[in-house]
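These notes are about the structure you will find just below.
This one's a predicted model, so the numbers in the text were calculated from it and none came from an experiment.
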Amino acid sequence: MAHINLMNPTIPLGSVILVTGANGLIASWPISILMKGAALRPRHGPGRFELVEMSDFGTPGAWDMPVRGVAGIAAVAGSANLDLLDIDGALKVEFPFVSELLRAAKDEPNVKSVIFTSSAWAAWTPDPSRKGALHEWPYNDDAVRLVLRAEKPSYTFNTILPETIFGATQSPEHQGIQSTCGMVKWLREGWFIDTQDLAALYVKALTTPGVNGERLFAFGNKYSFSKVAQLLRKLEPEE
């Protein structure tokens with residue numbers, strides 16, 4: 001993982017950061033960076049981590065208490081299942097959660113920075129037969145932007161669009177091998193981002209001056225069956 005050197009962060013040192021989905025593959029890594037003091041709090045100590053359990057992300061007022069007093073929000077969790085095939089149904093599930101969280105953030109005067117987690121697939125559909133360029137404008141989902149236009153918040157807002165995520169799991173014995181880290185069976189050639197590099201991007205996006213209104217494409221390197229096979233040979237040379 002790349003070293004994180006924060007210069008003149010937009011969020012004051014010692015600030016409280018809300019990271020949703022703390023027990024998940026993605027969110028657990030930026031939390032780890034923040035807890036180690038690489039970003040906002042200088043050292044470990046009592047009261048540095050508080051876990052809030054939520055039963056319904058989209059209930060009116062659900063985010064008022066978790067957002068109270070925080071300076072930054074990394075919205076990593078989603079309320080729709082990854083295997084949901086009904087796009088309209090997914091929006092009905094996800095939109096109340098997103099709009100309610102952004103409303104709560106707007107109503108909290110301490111909030112300086114919000115990061116929303118989307119997906120590279122929200123901007124493009126991979127096609128190995130065609131070349132193309134990615135930039136901040138292509139959208140398959142406009143829901144978040146519509147909310148921001150209506151709310152006109154004072155905080156900076158950026159979206160991270162990860163491609164396929166590989167890398168270490170914080171606690172395999174408790175978390176299992178989650179999400180795309182368990183996809184080795186059906187890998188095809190594509191792009192991936194390491195879990196810890198993605199965590200560093202969250203922290204930098206939360207704290208870097210001048211970063212606002214951006215869509216941050218989280219692409220690390222290419223992967224393929226052959227590269228996976230090479231790694232497996234190193235791990236299990238006797239097979």
Side-chain angles (χ1 to χ4, degrees), residues 1-22 24 26-45 47-50 52 63-78 97-119 122-123 135-137 139 144-162 193-220:
M1 181 177 67
H3 174 70
I4 301 177
N5 184 20
L6 300 179
M7 301 295 294
N8 189 27
T10 56
I11 297 176
L13 294 175
S15 297
V16 178
I17 306 297
L18 170 64
V19 183
T20 68
I26 300 174
S28 59
W29 281 107
I31 289 173
S32 177
I33 293 177
L34 293 168
M35 289 291 292
K36 288 177 181 177
L40 302 178
R41 289 187 172 179
R43 55 187 178 275
H44 286 280
R48 287 177 50 77
F49 179 79
E50 179 184 358
V52 178
W63 291 101
D64 291 351
M65 188 277 287
V67 168
R68 190 174 302 142
V70 307
I73 300 172
V76 182
F97 151 51
V98 173
S99 58
E100 187 61 25
L101 176 57
L102 294 178
R103 181 206 56 78
K106 180 186 176 185
D107 291 344
E108 172 51 57
N110 287 324
V111 174
K112 303 290 192 300
S113 176
V114 174
I115 304 299
F116 178 75
T117 304
S118 182
S119 167
H135 51 78
E136 68 271 24
W137 296 116
Y139 262 86
V144 174
R145 183 161 289 191
L146 291 174
V147 173
L148 291 172
R149 286 173 180 168
E151 295 289 344
K152 296 180 174 60
S154 60
Y155 52 75
T156 62
F157 180 90
N158 297 284
T159 306
I160 291 179
L161 297 86
I193 180 70
D194 182 83
T195 50
Q196 296 174 67
D197 289 335
L198 181 58
L201 181 59
Y202 274 97
V203 174
K204 291 292 285 186
L206 275 169
T207 61
T208 302
V211 179
N212 185 25
E214 300 292 341
R215 304 180 77 208
L216 308 173
F217 289 91
F219 290 56

(request) Determine whether Tyr202 and Ile26 make a side-chain contact, defined as any pair of heavy atoms from C-beta on separated by less than 4.5 Å. (result) yes
(message) Once side-chain hydrogen bond (donor to acceptor under 3.5 Å, both in side chains) is applied, do any residues pair with Asn212, and if so which ones, sequence neighbours excluded?
(response) none
(request) Could you grab the distance from atom OH of Tyr155 to atom CD1 of Ile73, nearest 0.5 Å is fine? (result) 7.0 Å
(request) Could you pull out the closest heavy-atom pair between Ser118 and Pro162, with the gap in Å? (result) O-CD, 3.5 Å
(request) Could you check Asn110 against Val70 for side chain to side chain contact (heavy atoms under 4.5 Å, CB included), going step by step and ending with a plain yes or no? (result) CA-CA 6 Å; Asn110 287 324; Val70 307; over 6 Å; no
(message) Can you give me the closest heavy-atom contact between Leu161 and Thr159, atom names plus distance?
(response) CD1-O, 3.6 Å
(request) Please identify each residue that fulfils side-chain contact (heavy atoms from CB on, under 4.5 Å) with Lys112, with sequence neighbours left out. (result) Ile11
(request) Provide the closest heavy-atom pair for Pro30 versus Ala199 in the form atom of the first, atom of the second, distance. (result) N-CB, 3.3 Å
(request) Please report the closest heavy-atom contact between Glu108 and Arg68, naming both atoms and the distance. (result) OE1-CA, 3.5 Å
(message) Within the 4.5 Å heavy-atom criterion, are Leu34 and Val203 side-chain neighbours or not?
(response) yes
(message) Measuring from atom CG of Leu201 to atom CH2 of Trp29, what distance do you get when rounded to the nearest 0.5 angstrom?
(response) 15.5 Å
(request) Mind listing the closest non-hydrogen atom pair of Leu206 and Ser113 along with its distance? (result) O-OG, 3.1 Å
(request) Could I get the full list of salt bridge (charged side-chain N to carboxylate O under 4.0 Å, His left out) partners for Glu100, not counting sequence neighbours? (result) Arg103
(message) Going by the rule side-chain contact (heavy atoms from CB on, under 4.5 Å), which residues pair with Thr20 if we only count those two or more places apart in sequence or in a different chain?
(response) Leu18, Trp63, Ala75, Val76, Ala77
(message) For a quick test of reading the model, state the closest non-hydrogen atom pair linking Ile33 to Ala200 and the distance between them.
(response) CD1-N, 3.6 Å
(request) Without swapping roles, check the side chain of Asn158 against the backbone of Arg215 for a donor-acceptor pair under 3.5 Å. (result) no
(request) Output the distance between atom CZ (Phe157) and atom CD1 (Ile115), rounded to the nearest 0.5 Å. (result) 8.0 Å
(request) Measure the CG-CZ distance between Leu198 and Phe219 for me, rounded to the nearest 0.5 Å. (result) 12.0 Å
(request) With sequence neighbours excluded, tell me which residues meet side-chain contact (heavy atoms from CB on, under 4.5 Å) with Pro209. (result) Asn8, Thr10
